[in-house]
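To start, the structure under review is shown below, and the notes come after it.
If you're wondering where the values come from, they're calculated on a predicted model, not measured in any experiment.
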Number of protein chains: 2
Amino acid sequence: MPEHIIGILGGMGPEATADLFREIILLTPAQQDQDHIPVLIYSNPKIPDRTRAIAEGGEDPLPLLIQGAQVLERAGAGILAVPCNTAHHYLPLIQTRIGIPILDMIAETIRDLKKRRPRMKAVGLLATTGTLRSGVYAAACLKHRLTLLVPEEVQQRQIQAAIRNVKGGQRGRAIGEVFESIGAALVQRGAESVILGCTEIPLAFDSGKVDYPSTNPTRVLAQAAVDWALERRG
Amino acid sequence: MPEHIIGILGGMGPEATADLFREIILLTPAQQDQDHIPVLIYSNPKIPDRTRAIAEGGEDPLPLLIQGAQVLERAGAGILAVPCNTAHHYLPLIQTRIGIPILDMIAETIRDLKKRRPRMKAVGLLATTGTLRSGVYAAACLKHRLTLLVPEEVQQRQIQAAIRNVKGGQRGRAIGEVFESIGAALVQRGAESVILGCTEIPLAFDSGKVDYPSTNPTRVLAQAAVDWALERRG
């Protein structure tokens, strides 16, 4: 058993999980297979919809989240990454049921933003309605004295619909433009960077098509996981 | 625990593993996360180089292959896919140590070719030197009365070097052209299709840049895994 294995609790959705895996591979300095980091992935798309659970009283995803985390711990993972912003609402409860640490993508993202731009005052958030309702980004921003700007209600419904479209396999420019234009509206209101706070958004958002800075939490999470593994390489 | 989980024993290399995962996602009819298939992936890039073991007496990859297969079986996988053609040399020995079936990418590829073109007589192979030496494709072709055409020695050294370049993260057109041009030479010698018989090759080979048919075993393996899961969906 290699000593330090990154565990990915995914499937929310599967393509976002593949995206995190690819980011980890790309962020690892490697000339041959053996330079790469061992990764265990449990992509369980049957985990009930997180936004429906938080915002509409839908089926609770927690039991399958805990079960998946335990499968990865037993299989040998030394740390967990969860490529779903909305699922971070459940992180403290999952953490009580396993003995390995879970990387907090949201805390890492806000920390990374403040490290890069210490004077930043306000940030915008594109995310699911579940993530907004859960308050996970609001809490992390409060801790770092950052003002969090979120879309207006009509825009938020468009974001949520566009996220569902990406999950359904749609990748047209029209979907990307929903995220890009609502991000621009947040910048207009004072956001100094726009957080792509749902792991489906980086699959459609094109940072080359906008003239404002954006932050990709999936990439921040990948970097944190790679750092964890490389620090332990001896 | 969801009933039917596809297990992927990967890391040989990691990007080829991500490629198989993405093919499985794209081949699954899905409108939402929950329509997708549960997948467990163990990407262990520490598995010793298969070609070095087969062709140069290098370290034996079998112990880590067996260990990885057992991790996936214990974690709940119902079938295994191994996205490394060269590792298929070890499949019979891995199979004796686990209780779940392993999909045979090479047998599936030849079967798929013969199903699509029953009158096919000769096929070309781009693969690692380890895969050629192991004879896995030659045996499958013999069974289906197909003539197997392989590159000449100088070309084979170029293929092996190009595969190592892809593993090192290189994706330039020059690398793709090595595969494309040697494939063309096989077609000139009578091959009716060219098998991209190393999972790194589809990452660089561009089928839009050639005027001959090619076959991607990674995609055939993904389809076999998806079929297995969907047939069991009830």
inquiry  = The test is side chain to side chain contact (heavy atoms under 4.5 Å, CB included); show your working for F21(A) and T17(B) and say whether it passes.
reply    = CA-CA 10 Å; F21(A) 184 30; T17(B) 299; 3.9 Å; yes
[X] versus chain A, heavy atoms under 4.5 Å apart: side chain, backbone, both or neither?
X      : result
D35(B) : backbone
I6(B)  : neither
I24(B) : neither

message = Would you say CZ of R164(B) has more than 12 non-hydrogen atoms from neighbouring residues, nucleotides or ligands within 6.0 angstrom?
response =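 Yes, the 6.0 Å shell around CZ holds more than 12 heavy atoms from other groups.
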message = If you count heavy atoms of other groups shown closer than 6.0 angstrom to CZ of R171(B), is the number above 12?
response =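 Buried by this count: over 12 neighbours within 6.0 Å.
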inquiry  = For P45(A) versus P38(B), what's the shortest heavy-atom pair and its separation?
reply    = CD-CA, 3.7 Å
message = Please give me the minimum heavy-atom distance between E200(B) and D33(A), naming the atom from each residue.
response = OE2-OD1, 4.5 Å
message = Between M12(B), Q32(B), Q31(B), who has the most heavy-atom pairs with chain A when the cutoff is under 4.5 Å?
response = Q31(B)
request  = Could you check which of A16(B), G169(B), G68(B), P14(B) has the highest count of heavy-atom pairs closer than 4.5 Å to chain A?
outcome  =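 Of A16(B), G169(B), G68(B), P14(B), P14(B) has the most heavy-atom pairs under 4.5 Å with chain A.
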message = Just to verify, which of N44(A), V71(A), L40(A) counts as forming a side chain to side chain contact (heavy atoms under 4.5 Å, CB included) with L40(B)?
response =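 The single option meeting the side chain to side chain contact (heavy atoms under 4.5 Å, CB included) with L40(B) is V71(A).
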ask   = When you look at Y42(B) and V39(A), which way does the side chain to side chain contact (heavy atoms under 4.5 Å, CB included) test go after all the steps?
value = CA-CA 6 Å; Y42(B) 188 8; V39(A) 179; over 6 Å; no
query = Measuring heavy-atom distances to chain B, does I8(A) have an atom under 4.5 Å in its side chain, in its backbone, in both, or in neither?
reply =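 Neither; nothing under 4.5 Å.
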ask   = With a 4.5 angstrom heavy-atom cut-off, which part of A18(A) approaches chain B: side chain, backbone, both or neither?
value =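 Interface part for A18(A): both.
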Polar side-chain atom of E15(A) near backbone of R22(B) as donor-acceptor pair, under 3.5 Å =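 Flag not set: sc E15(A) to bb R22(B) has no pair under 3.5 Å.
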ask   = Within the distance-only criterion (no hydrogens, no angle test), does the side chain of K46(B) pair as donor or acceptor with the backbone N or O of Q34(A) below 3.5 angstrom?
value = yes
Option in I37(A), D19(A), T28(A) with maximal non-hydrogen atom pairs under 4.5 Å from chain B =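 Most heavy-atom pairs within the cutoff with chain B belong to I37(A).
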